[in-house]
Trainee: 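Handing you this structure, nothing more for now.
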Amino acid sequence: MIGIDQGRVVEAFRLEAGRLAQEMTWVSAAEWRLPTRCAPWNVSDLLAHVRVVIAWLPGMLAAPAPIRAEVSAVEYYRPDARFAPGANAARIALAQDHAAEQLSGAARADDFNATWQEADRLCRAELEGHVVRTRHGDPMLLSEFLLTRVVEVAVRGLDLADALGREPWLTSEAADLVQGLLLGPDGAAALEKLGWSQLRFLCKATGREPITREEASDVSRLGIRWLTLG
């Protein structure tokens with residue numbers, strides 16, 4: 001399997017996670033309790049979720065590497081048991097439990113900052129083509145799995161910005177990777193046909209903005225990849 005350039009994904013992860021960490025340093029005590037559109041999570045819970053999905057990386061990198069990669073980032077988002085109601089309920093509870101362990105907003109922000117920086121450090125030390133096994137059992141190139149983490153940080157960052165009433169802080173590096181995952185190499189041409197900005201497309205394609213029947217027809221005709229997101 002030939003994956004996306006690992007160095008490019010690592011850099012996008014660094015930039016997007018670093019921007020999210022920076023934004024979280026300005027969250028007030030009251031803002032941590034604000035609801036998000038990812039019910040039932042509030043701002044604190046949602047950041048905890050992003051922290052949890054990044055925190056899987058050190059253990060994966062320390063484990064024995066599978067012989068070969070068999071699952072791409074697109075295939076990772078297939079609609080199977082990992083996104084079933086029971087799995088989603090466990091995902092919600094895990095984030096809430098972790099958020100409850102942090103005694104202050106500063107502790108939440110610091111914990112997230114330390115978590116993404118450790119993951120970034122470990123990923124940068126790995127050679128191109130390194131293979132990992134996800135907690136769901138998927139053998140994936142590190143670059144492909146890390147791309148799914150970029151999706152998480154980017155999309156959840158949009159949710160957090162929405163909850164906090166801030167302008168989206170999505171970095172161009174992360175946005176380009178998520179667009180490529182959804183549209184393939186001809187993404188720019190597809191966006192031109194749709195007449196959407198990149199941000200508007202990403203919001204609609206990930207369910208952050210409603211999509212009309214006519215828009216859905218246009219999207220289907222262009223062969224856009226819809227991802228199953230928990």
Side-chain angles (χ1 to χ4, degrees), residues 13-14 16-63 73 76-123 132-138 140 142 145-166 169-170 174 206-208 227-230:
F13 173 77
R14 181 186 72 82
E16 189 66 20
R19 184 61 189 275
L20 174 56
Q22 182 183 41
E23 292 289 338
M24 292 301 99
T25 63
W26 305 110
V27 176
S28 69
E31 286 176 324
W32 286 110
R33 298 189 293 272
L34 289 173
T36 72
R37 56 192 173 195
C38 305
W41 283 331
N42 60 21
V43 169
S44 177
D45 299 332
L46 187 51
L47 181 67
H49 167 70
V50 182
R51 185 266 184 201
V52 167
V53 302
I54 292 173
W56 297 117
L57 273 160
M60 291 167 57
L61 291 170
Y76 175 87
Y77 288 106
R78 62 192 183 274
D80 61 10
R82 77 194 66 196
F83 299 112
N88 282 332
R91 192 176 289 116
I92 289 168
L94 182 60
Q96 290 175 327
D97 289 346
H98 179 73
E101 294 172 358
Q102 308 303 312
L103 299 180
S104 69
R108 295 183 191 103
D110 289 346
D111 179 57
F112 176 76
N113 202 36
T115 300
W116 84 258
Q117 288 184 357
E118 174 68 0
D120 175 67
R121 182 185 68 80
L122 293 172
C123 288
V132 296
R133 188 177 302 280
T134 73
R135 67 190 184 95
H136 303 292
D138 294 327
M140 298 179 69
L142 174 59
F145 180 73
L146 191 58
L147 176 53
T148 70
R149 303 306 89 177
V150 172
V151 172
E152 287 283 349
V153 180
V155 172
R156 301 306 185 182
L158 293 176
D159 296 330
L160 286 164
D162 174 76
L164 294 167
R166 301 182 190 176
W169 52 74
L170 182 66
T206 59
R208 270 63 195 171
L227 307 181
T228 302
L229 301 173

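When a residue number appears, it is its place in the shown sequence, counting from 1.
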Trainee: Side chains of R108 and S44 only: does a donor on one sit below 3.5 Å from an acceptor on the other?
Mentor: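 On atom types as modelled, these side chains qualify, holding a pair under 3.5 Å.
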
Trainee: Per the side chain to side chain contact (heavy atoms under 4.5 Å, CB included) rule, which among L34, L46, V27 passes with L160?
Mentor: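 For L160, the side chain to side chain contact (heavy atoms under 4.5 Å, CB included) check succeeds only for L46.
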
Trainee: With rounding to the nearest 0.5 Å, note down the distance linking CG in D110 to OG1 in T25.
Mentor: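 If we round to the nearest 0.5 Å, D110:CG and T25:OG1 are 9.5 Å apart.
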
Trainee: So, taking the atom named CG in D159 and the one named CZ in R208, what distance separates them when rounded to the nearest 0.5 Å?
Mentor: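 One finds 4.0 Å between CG of D159 and CZ of R208.
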
Trainee: Between the side chains of H98 and D111, does any donor sit under 3.5 Å from an acceptor?
Mentor: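 Yes, D111 and H98 have a side-chain donor paired with an acceptor closer than 3.5 Å.
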
Trainee: Would you call R19-E16 a salt bridge at under 4.0 Å N-O?
Mentor: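 Looking at E16 together with R19, the answer is no, because their closest N to O distance does not fall below 4.0 Å.
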
Trainee: In sequence, state the C-alpha distance, the side-chain angles, and the governing distance for L61 and L142, and then conclude on side-chain contact (heavy atoms from CB on, under 4.5 Å).
Mentor: CA-CA 9 Å; L61 291 170; L142 174 59; 4.0 Å; yes

Trainee: Report the C-alpha distance between C38 and H49 in whole Å, list the side-chain angles of each, state the deciding distance to 0.1 Å, and finish with yes or no for side-chain contact (heavy atoms from CB on, under 4.5 Å).
Mentor: CA-CA 11 Å; C38 305; H49 167 70; over 6 Å; no

Trainee: At what distance, to the nearest 0.5 angstrom, does CD1 of I54 lie from CG of L20?
Mentor: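 Reported value, rounded in 0.5 Å steps: 7.5 Å.
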
Trainee: Could you measure the distance from the OG1 atom of T148 to the CZ atom of F13? Nearest 0.5 Å is fine.
Mentor: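 It is 10.0 Å, given to the nearest 0.5 Å.
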
Trainee: Mind checking the CG-CE spacing from L57 to M60? Nearest 0.5 Å is all I need.
Mentor: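 The distance works out to 5.5 Å.
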
Trainee: Any idea which heavy atoms bring D45 and P40 closest together, and the distance?
Mentor: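 Closest approach of D45 to P40, heavy atoms only: OD2-O, 4.1 Å.
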
Trainee: Is there a side-chain contact between N113 and Q117 (heavy atoms, below 4.5 Å)?
Mentor: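 Answer yes - side chains close enough.
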
Trainee: With the side chain counted from C-beta on, respond yes when W169 and Q22 share a heavy-atom pair under 4.5 Å apart, and no when they do not.
Mentor: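 Side-chain contact under 4.5 Å: no.
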
Trainee: Give me the atom names and distance for the closest heavy-atom approach of V155 to T206.
Mentor: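 Here V155 and T206 meet closest at CG2-CG2, 4.0 Å.
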
Trainee: Run the side-chain contact (heavy atoms from CB on, under 4.5 Å) check on R166 and W26 step by step: do they pass?
Mentor: CA-CA 11 Å; R166 301 182 190 176; W26 305 110; 3.8 Å; yes

Trainee: Give me the atom names and distance for the closest heavy-atom approach of L147 to A73.
Mentor: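 That closest heavy-atom pairing would be CD2-CB, 3.8 Å.
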
Trainee: Can a cation-pi geometry be assigned to R51 and W116, taking NZ or CZ under 6.0 Å from the six-membered ring centre and within 45° of the ring axis?
Mentor: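 No, cation not above the ring by the 6.0 Å, 45° rule.
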
Trainee: Got a second to check how far F112's CZ is from Q102's CD, nearest 0.5 Å?
Mentor: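 Here the rounded value is 12.5 Å.
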
Trainee: Which pair of heavy atoms, one from P35 and one from A163, lies closest together, and at what distance?
Mentor: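 Heavy atoms of P35 and A163 come nearest at O-CB, 3.5 Å.
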
Trainee: Take T134 and M140 through the side-chain contact (heavy atoms from CB on, under 4.5 Å) test and state the conclusion after the steps.
Mentor: CA-CA 7 Å; T134 73; M140 298 179 69; 3.5 Å; yes

Trainee: Is it true that D162 and R37 make a salt bridge, defined as a side-chain N closer than 4.0 Å to a carboxylate O?
Mentor: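 Answer for the salt bridge query: yes.
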
Trainee: Are any of the side-chain heavy atoms of E23 and L47 separated by less than 4.5 Å?
Mentor: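 Not in contact.
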
